[in-house]
Amino acid sequence: MAQTPGSEARTGLKLISPTAIYVILLLAVPLATVLMYSVMTGGRGNVSLPLTFENYTELASKSVYGYLLLKSLMVALIVTAITVLLAYPVAYFVSFHVKPERKSLWLFLITIPFWTSYIIRVSLWFVILGYDGVLDKTLMALGIMDTQLNFSSYGIPAIIFVLAHAYAPFAVLPIFVSLEKVDRSLLEAGQDLGESRWVTFLRVTLPLSMPGVIAAALIVFIPTVGDYVTPKLVGDGKQPLIANFIETQLLKLQDFPQGSAFAVVSMLMVAFVSVLFVLANKRFIGGQK
Amino acid sequence: MTFSDDRPTMIEFKDVHKYYGDYHALRGINGTIKAGEFFSLLGPSGCGKTTLLRTIAGFEDISSGVIMIDGKDMAGVAANVRPTNMVFQSYAIFPHMSVEENVGFGLRKDPRSKEEKAKAVAEALEMVGLKGFGKRAAHALSGGQRQRVALARALILKPKVLLLDEPLSALDKKMREHMQVELIKLQRQVGITFILVTHDQEEALVMSDRIAVMFEGEIAQLADPETLYRRPATRKVADFIGTMNFIPAEILSEAGDKVEVNAKGLGHVALDIAQAPEKTGEAPVVGLRPETLTLLYDDQKAPERETDGVIDEVIYFGDMTYYDVYLGGTDVEVRLSMRNVPGRPVLDVGTKVRVAWSPSALVLFR
Amino acid sequence: MKKAPFLRSYTLFYLLFLYSPIILLPIFAFNDSKVVAFPLAGFTLDWFREMLSDQNLRIAAKNSLIIALSVASVSTILGIFAARASVRYRFPGKAPLMGLIMLPLVLPEMIIAMALLVVLLSLNVPLSLFTVIIGQVLITTPFAVAILTSAFQSLDKSLEEASMDLGETAWSTFRLIILPLVMPGIMASFLICFTISFDEFIISNFLGSGQPILSVYIFGQFRFPAKVPSMLALGTVLVCFSIILLGIAEYMRRRGIAKAGGKDSGGFL
C-alpha cells in the first residue's frame, strides 16, 4: 500500500506483464513481421533478402490494387454513412423520448441482434436474397414477379445492404451516449431564446452529439472495411474486398512480400481514415469551447 | 476544554516531507499529538491535511523525516500493522457485507471464539447507537448510519489512534451538528487519541483539544482553539478562522514587552508583546474580531476606548445584527456584531454611532 | 416525456429491420418443407432432428465449445491483470502498452489473422484448435479489458484501504473485498468473450487448418440448399442461446453496479 513512485511503477508493470507479453509476442511481433516481409523479395511461400521497395512500387503501378483499395474504401464509407444516418433518429428517440427506466430495455433490444451469430445473420441474407431465395420465391409464389430478382447477384449494392444491416446496432450506442450527455437545460435555453425546436436541434443538439456520431462512424468503418464474409457470400464472391484479396495473395498465391505490402497499405489506409475521423472529432470538441 | 501538557506523546512528526513527483505536498511538518487528545488538522483543500493523515495511517510513504507512533518509528511499517484505524470520508462500508460483517471485519484473525467476537460486535454497535442493526445490509443504511458503522468498525479494534478523514462533510447541517457532539462524547468515553481532518473551522473549534492549521503543506499554527481564535499567529490564520477586521497600522515604537502603534481610525494604542506574534514581514495591520467591538447606545460609556463611526451596512440575522461601520471619519470599515436583546433597536444605515473597543482584543500582524 | 409518434414508429420500423432475418429463423426452422419460402407448409421438428443427428456438427460444436471456454477464460484473466494495472497504478509505458492491448478493436481482423498466420507458418507451428484460441484471445481481450476496467473503476479505492487498515494484507484484501465486488464484471467479461469467440469466423477459418469449428461449418453448409433448413434450426438454437447468455451478462453487470453502490450509466461497450 504505502508506495513510493518507483514501487508503484514496479507493481503496475508486474501486474500488466502477462497481458503485455501476450500482445507483444502475438500481436506486435506478427505485425512487425508483416512490415518486414513487405520490404523483402521472394515469392511462392518464401522470403529473402535483399530489402526492396519493389512491392510497394508494384502496388502503385498496377491499377488493380488501387481500384480494389478504393472500392473497399467506398463500400465501407457508404455503409458507414447509411448506418449512422439510420441510427441517429433511433438514438435520438431513445435518449429524448423514452422514460429513463425504460432506456436500458430499448438499448438491450437494439443490441441483441449484434450479439447473435454474425455468420448466421449474413448467411440468412444469402438465403433471403440469393437465387431461389426466400424473397424471389415468395414474390413469385404470390405472383408479384415472374422472374428471379436475385438481388444477391447485384454485387456491390447487395454487399452494402447486408453490411449496413449487420453493423447497424454498432452505430446506435455511441450516438445515444453522446446525446445522453447533452445538458437538457441547454435545449430549454435554446427554445427560451426563441428558436424553434428544429433550429434548436440543428444549432445545439446536433453539434453537441457530433463526437458520438464520429465514434459511431469509426466503430462501423473499421470492421466493414475489413469484412471478409459478406463479399464472399453475397455479391456472388465476384466482388472481393481488401480482406478477400489479402487471402488470395497470401494464401492462394503464397506471395508473402506482395501480400504483406498490400496488408500494410490497407492498414495505413484504415489508419489514415480513422485519424481523419478523430481529427474531425477534435475539431468539433474544440469548436464547442 | 483545557488540555494538560503533561500527557504522554502519542504521535511525533520530525521534519516530515512528502513529494508527489515535483509537487511538494508536505513541507517540513513538526509537532506532537498527545495521548487521548482530540486533535484536528484544519485547512483549505489542498493544504496537505489529508496527506498528513494518510501518512499516519500508512497509506502514503513519506519522502523524508520521521513519524513516531507511541514511541515507534513508523518507517516501513505497513498500514495493516499500524496501531491506527481510519474512518474514511466516503465511510468505505463494504457494500457486499451486512453491518455485522463490516464491524467484525477486522476481527478475522482475532483468536477469540465466535461468540466472544459476536459479543464484541454487538457492544461496538451499541456504543455507536446502532443496537439491533447488525443484520441490515450495508447499502440499506443512511449516511449517518454508515458513519456510525465506520466508527464501530474502527473502534472495535481498540486502536491507539483513530483517524477521521472529513467524516462529517457528507452529512446535512443538522446531522453534522448532532454528530459533532456525539463524537466528542464518544472520544471521552473511549479515551483514544482522535485525529480529525476538516476544512470547517467551526467544526474544529467545537470538537478539538488542539488544532493544527495548515496552509500549503506547512503547519501555520498549532494551538488550542481559544488561543487560535484570540491570538492567531498570522493574518492568514486569522482570516481562515472566523471573521476578523484588519485595520492598517503604523508601528511607532517597540520597547521591552510593549509595542506602540497608530491604527487608522483607532488612534494610538499600546499593545502587549503577546498580542504581536512573530514578524512575517507583511505590511502592519491590527486585527479585531467583530464581537470585540460594541455599539454604544444613548449615554452608555465605553469601559476602555471608544471611537466615532457611521453605519454603512446593516445585516440582520435574527439573533444577531452585523453592522459595517466607517471608523472615525476614515475609509476604514469594520464589521461588528450585536446581539439583538430587548431594548436594543436595530439601527439604520447612516446612523452616527460610537464604537467601544478594548486594546487587549487587538492582534498586531507585521 | 414528449410524444414523438413519427420517431417512435421509425424506431419500431428500424427494430423490425434489425430483426427481420432473425425472425425468419424459427419460422422456417419449424416449416415442413425443404424449400425456404412463403407460404409456409406446416409444422415439423424434422430439421431439429436432422441437426441433432449430424455427426460433423457435433464435432464442430464440441470444438467451438472448447475454443470459446478457453478463450473466455484466458482473455478474462489477461483482462483482469491489464484492467487492474491500468485503473490502479501509474507506470512507464502504460499508454503504449494499453494501446497495443486495445489495438485489435481498430484493426481489421483479417490483418491480425494473416500476420499471426504468417509467423506461425514461418515457425512451422502446426495449425490446430490451439492456434485458433491464441488468435481469438487477441480479439476478445480488448472487450474483457473494457468491461473489467469499468468494473474496477466503480470500486471505491478507500474500500481497499479500509481493509488494509483493518489488518488485512494486499492478497487477502483482493480475495475478501476486490474479487467479490468485481465478480459480476468478471462474469460479464467471460460471457461476452465466450459469445464473441463462439461467433468468430475469420480466425477460426484461417488458423484452424480446416478443423470443424461451428462458425466455419455453418458458413460452408449454407451453400447447400438441402442443408439450409437444418442450419436454420441450428441458428434458432444459437440465437436463443445468445439471448440467454446476454440476459445473464446484463443481469450480472447491473448487480455489480448495484453492489458497488453506483448508478446505471448504460449498457455494453
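Lettering of chains follows the sequences in order, A, B, ..., and the numbering in each one begins at 1.
- Note that OH of Y89(C) is 11.5 Å distant from CG of L13(A), once rounded to the nearest 0.5 Å.
- Nearest heavy-atom pair across I16(A) and A82(C) is CG1-CA, 4.0 Å.
- Separating the CD1 atom in I202(C) from the CG atom in D227(A) is a distance of 6.5 Å, to the nearest 0.5 Å.
- If you measure heavy-atom distances from P174(A) to chain C, you find no contacts under 4.5 Å at all.
- With hydrogens and angles disregarded, no donor-acceptor distance shorter than 3.5 Å links the side chain of Y22(A) to the backbone of V137(C).
- The contact between L25(C) and chain A is made entirely by side chain atoms (from C-beta outward), counting heavy-atom distances below 4.5 Å.
- Of the listed residues S123(A), G226(A), A263(A), G259(A), the one with more heavy-atom pairs under 4.5 angstrom with chain C than any other is S123(A).
- L103(C) places a side-chain heavy atom less than 4.5 Å from the side chain of L31(A).
- At a 4.5 Å heavy-atom cutoff, the contact between V106(C) and chain A is made by backbone and side-chain atoms alike.
- For a residue to count as touching a neighbouring chain, one of its non-hydrogen atoms must lie under 4.5 Å from one of that chain's; by this rule L15(C) touches chain A with the side chain only.
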- Task: Walk me through it: do L117(C) and L251(A) pass the test side chain to side chain contact (heavy atoms under 4.5 Å, CB included)?
- Result: CA-CA 10 Å; L117(C) 183 64; L251(A) 294 187; 3.3 Å; yes

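- For Y14(C), the part sitting under 4.5 Å from any heavy atom of chain A is the side chain, from C-beta outward, and nothing else.
- Y37(A) touches chain C through its side chain: at least one heavy atom from C-beta onward sits under 4.5 Å away, while N, CA, C and O do not.
- We find the OG-CZ distance between S122(C) and F256(A) to be 7.5 Å, quoted to the nearest 0.5 Å.
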- Trace of the side chain to side chain contact (heavy atoms under 4.5 Å, CB included) decision for V122(A) with F219(C): CA-CA 9 Å; V122(A) 174; F219(C) 180 75; over 6 Å; no

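- Nearest heavy-atom pair across L18(C) and A168(A) is CD2-CB, 3.5 Å.
- Counting heavy-atom pairs closer than 4.5 Å to chain C, the top residue among V29(A), I119(A), V34(A) is I119(A).
- Remark: the backbone N or O of L86(A) is paired with a side-chain donor or acceptor of Y10(C) at under 3.5 angstrom.
- Contact of L120(C) with chain A is not made at all, since no heavy-atom distance falls under 4.5 Å.
- Nearest heavy-atom pair, T19(A) versus I101(C), reported as atom, atom and distance to 0.1 Å: CG2-CD1, 3.7 Å.
- Heavy-atom minimum distance, F126(A) versus F222(C): CE2-O, 3.7 Å.
- The contact between E247(A) and chain C is made by backbone and side chain atoms together, counting heavy-atom distances below 4.5 Å.
- In this structure, T11(C) contributes its side chain and V90(A) its backbone to no donor-acceptor pair below 3.5 Å.
- Distance check: I128(A) CD1 to L24(C) CG gives 4.5 Å after rounding to the nearest 0.5 Å.
- Within a 6.0 Å radius of CZ in F81(C), other residues, nucleotides and ligands contribute 12 heavy atoms or fewer.
- Both the backbone and the side chain of I24(A) come within contact range of chain C, with heavy atoms under 4.5 Å apart.
- A distance-only check finds a donor-acceptor pair linking the side chain of H165(A) to the backbone of F17(C) [under 3.5 Å].
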